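Note that the structure is predicted; figures quoted are calculated from it, not measured. FYI, the numbering just counts along the sequence from 1.
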Amino acid sequence: ETPLTAEDLVKIEAEMKKIVKEALPITRFTKSREEAIAYFKEKEEPYKVELIEDLPEDAEISFYQQGEFVDLCAGPHLMSTKPIKAFKLTSLAGAYWRGSEKNKMLTRIYGTSFTKKADLEEYLNRMEEAKKRDHRKLGKELGLFMMREEGPGFPFFLPKGMVLKNTLLDYWREIHKKAGYVEISTPIMLSRHLWETSGHWDHYKDGMFVLGDEETDKEVFALRPMTCPFQYYVYKAEQHSYRDLPLRYGETSTLFRNEDSGEMHGLTRVRQFTISEGHLIVRPDQMVKEFKDCIALAQYCLQVLGVEEDVTYHLSKWDPNNREKYIGDAEVWNQTEAHIRQMLEELNIPFTEDVGEAAFYGPKIDIQAKNVYGKEDTMITIQLDCAIAENFDMYYIDQNGDK
């Protein structure tokens, strides 16, 4: 009935310290699914009931108890509360139940814990320093951009912010022209038919802003979350021969993605944003060189920005156990991933492999950098798409005059 405030965190911490001193043993026990549901219904814990109902029928449900407190958890836990010496509750925020704005807004308390007090103090000092360099704080202080509650995730760029943005755009044009790209501009939305052809309608629809009623309207449009199919239409506008390739299209695309409100963060995760998107149409024998050139261009930009030492490379792969998430043949996926792996090894770039992180139409390299809080953000993505081109009937005329 009384909403929590930041001032309450101090009181909660004091209670936590009392519990730690009690050195309560933490014990695990299990119940069947039916018993667990009945238990939490009696305790009037609807969220726990919902979680359990989503588990398989034969699932064994584990509980942990310390003193009079019992909770649902997969574990594992400490043996007792005694070793918990260094902890701090850091903040609280609203969070929709299970990340959906259709559900109730709950309150989430954030905290951290370390084995030594010195480690905790070092972490808290580092976080305080990070807050000073948080781009949300700097953006406001320097008059670069702002947000409004009328449009969460839709940034307003102010006059000084536009100076920065246009400087970046001028730089983008300069380096892409040198790299052999031609600049194009495509619409911000097209009809449902396009997205069905590309596969986005079946695999990415929840991430798009759809305009029109699917049941009653003759024409239904969607704002673009990426420009791949749009740039493919530019290629298809005329017939090309093998001599025309590679073709390198570049565009500074304003994109729209229907992100969950709980996932948005400053300018790093928004619903409207502008990025540099290039699509290279290549013959199979050109693929390795062009892909390596994309990596080189990315590395050059990172070097200019002074962050090339701080990035990590990830080969984002498909998950063959979750087949419905992807389009294309398994053999093509495995061959394409093998190509990317070989190229990274030839370039002596250390990388990790992340299963299930590929786009639905192809594997990719994600180049990530740590932000001021130590969390990795994806800065650059280089994808190898061997599926959508076929969906759009893209072809060239080879030296034998064949498609």
Side-chain angles (χ1 to χ4, degrees), residues 3-6 8-9 47 50 89-111 127 130-166 168-169 187-190 192 195 200-201 203-214 220-227 252-277 359 366 368-379 381:
L4 282 170
T5 66
D8 292 319
L9 299 185
Y47 299 115
E50 187 179 323
L89 299 183
T90 54
S91 62
L92 54 82
Y96 289 111
W97 170 239
R98 306 188 94 169
S100 171
E101 64 272 17
K102 295 172 185 171
N103 296 331
K104 279 192 176 181
M105 174 72 79
L106 308 180
T107 300
R108 176 182 287 156
I109 298 179
Y110 292 87
M127 289 300 103
K131 284 178 186 175
K132 295 175 188 175
R133 301 190 300 281
D134 189 311
H135 78 277
R136 294 170 298 178
K137 178 174 180 286
L138 292 173
K140 188 174 182 180
E141 289 176 355
L142 299 173
L144 303 178
F145 70 93
M146 69 175 193
M147 299 289 190
R148 292 285 303 178
E149 63 180 22
E150 289 86 351
F154 293 94
F156 290 70
F157 280 89
L158 306 176
K160 291 178 183 176
M162 281 307 296
V163 172
L164 277 180
K165 189 173 178 179
N166 285 328
L168 283 171
L169 284 168
I188 63 167
M189 65 179 180
L190 283 177
R192 168 183 177 169
W195 303 111
H200 286 85
W201 198 259
H203 295 272
Y204 199 83
K205 184 181 165 193
D206 288 346
M208 296 196 291
F209 288 102
V210 176
L211 309 178
D213 189 304
E214 296 173 49
V220 174
F221 292 85
L223 293 171
R224 62 183 183 183
M226 62 278 293
T227 63
T252 50
S253 320
T254 297
L255 307 179
F256 304 85
R257 295 185 184 175
N258 193 9
E259 302 283 8
D260 287 337
S261 57
E263 293 180 337
M264 288 185 293
H265 179 85
L267 292 180
T268 59
R269 195 75 180 263
V270 287
R271 286 173 171 158
Q272 177 182 323
F273 56 101
T274 302
I275 66 170
S276 156
E277 281 200 289
D366 284 321
Q368 299 182 342
K370 285 185 178 176
N371 60 31
V372 291
Y373 294 103
K375 178 183 176 292
E376 284 200 333
D377 292 320
T378 299
M379 299 182 70
T381 294

Item to check | Atom of Lys160, atom of Gly143 and distance for their closest heavy-atom approach | outcome: CB-O, 3.6 Å

Next on the checklist: Quick check for you: to the nearest 0.5 Å, what is the distance between Thr252 atom OG1 and Ile275 atom CD1?
Outcome noted: 10.0 Å

Checklist entry - Closest approach of Leu138 and Lys132, non-hydrogen atoms and distance? => result CD2-O, 3.8 Å

Item to check | Residue pair Met264 / Gly153: nearest heavy atoms and the distance that separates them | outcome: SD-CA, 3.4 Å

Next on the checklist: Is it the case that over 12 heavy atoms from other parts of the model lie below 6.0 angstrom from the CZ atom of Arg136?
Outcome noted: yes

Next on the checklist: Using 30° and 60° as the class boundaries, would you call the ring planes of Trp195 and His200 parallel, tilted or perpendicular?
Outcome noted: perpendicular

Item to check | Flag, side chain of Ser91 to backbone of Tyr110, donor-acceptor distance under 3.5 Å | outcome: no

Checklist outcome for this item: CZ of Phe256 to CE of Met208, rounded to nearest 0.5 Å, is 13.5 Å

Next on the checklist: Is it the case that over 12 heavy atoms from other parts of the model lie below 6.0 angstrom from the CD atom of Glu149?
Outcome noted: no

Next on the checklist: Quick check for you: to the nearest 0.5 Å, what is the distance between Ile109 atom CD1 and Asp8 atom CG?
Outcome noted: 8.0 Å

Item to check | Geometric class of the Tyr373/His265 ring pair [parallel <30°, tilted 30-60°, perpendicular >60°] | outcome: perpendicular

Next on the checklist: Is the shortest side-chain heavy-atom distance between Phe145 and Lys165 below 4.5 Å?
Outcome noted: no

Next on the checklist: Check this for me: Met379, atom CE, are more than 12 non-hydrogen atoms of other residues, nucleotides or ligands nearer than 6.0 Å?
Outcome noted: no

Checklist entry - Does Arg224 reach the main-chain N or O of Leu190 with its side chain, forming a donor-acceptor pair under 3.5 Å? => result no

Item to check | Sub-4.5 Å side-chain heavy-atom contact between Leu267 and Met147 | outcome: yes

Checklist entry - Below 4.5 Å, heavy atoms only, C-beta onward: do Val220 and Trp201 meet side chain to side chain? => result yes

Next on the checklist: What's the separation between atom CE in Met127 and atom CG in Asp134, rounded to the nearest 0.5 Å?
Outcome noted: 10.5 Å

Next on the checklist: Ignoring hydrogens, what is the shortest heavy-atom contact between Ala6 and Leu92? Give both atom names and the distance.
Outcome noted: N-CD2, 4.1 Å

Item to check | Electrostatic pair Arg257-Glu259, nearest N-O below 4.0 angstrom | outcome: no

Checklist entry - Are any of the side-chain heavy atoms of Gln272 and Phe209 separated by less than 4.5 Å? => result no

Checklist entry - So, the side chain of Glu376 versus the backbone of Gln368: is there a donor-acceptor pair under 3.5 Å, distance only? => result no

Item to check | Shortest non-hydrogen contact between Arg98 and Asn103, atoms and distance | outcome: CB-ND2, 4.3 Å

Checklist entry - Just wondering, are more than 12 heavy atoms of other shown residues or ligands nearer than 6.0 Å to NZ in Lys137? => result yes

Item to check | CG-OG1 distance between Leu9 and Thr90, expressed to the nearest 0.5 angstrom | outcome: 8.0 Å

Checklist entry - Could you state the interatomic distance from CD1 (Ile188) to CG (Leu223), rounded to the nearest 0.5 Å? => result 5.5 Å

Checklist entry - Are Ser253 and Met226 close enough that some pair of their side-chain heavy atoms sits under 4.5 Å apart? => result no

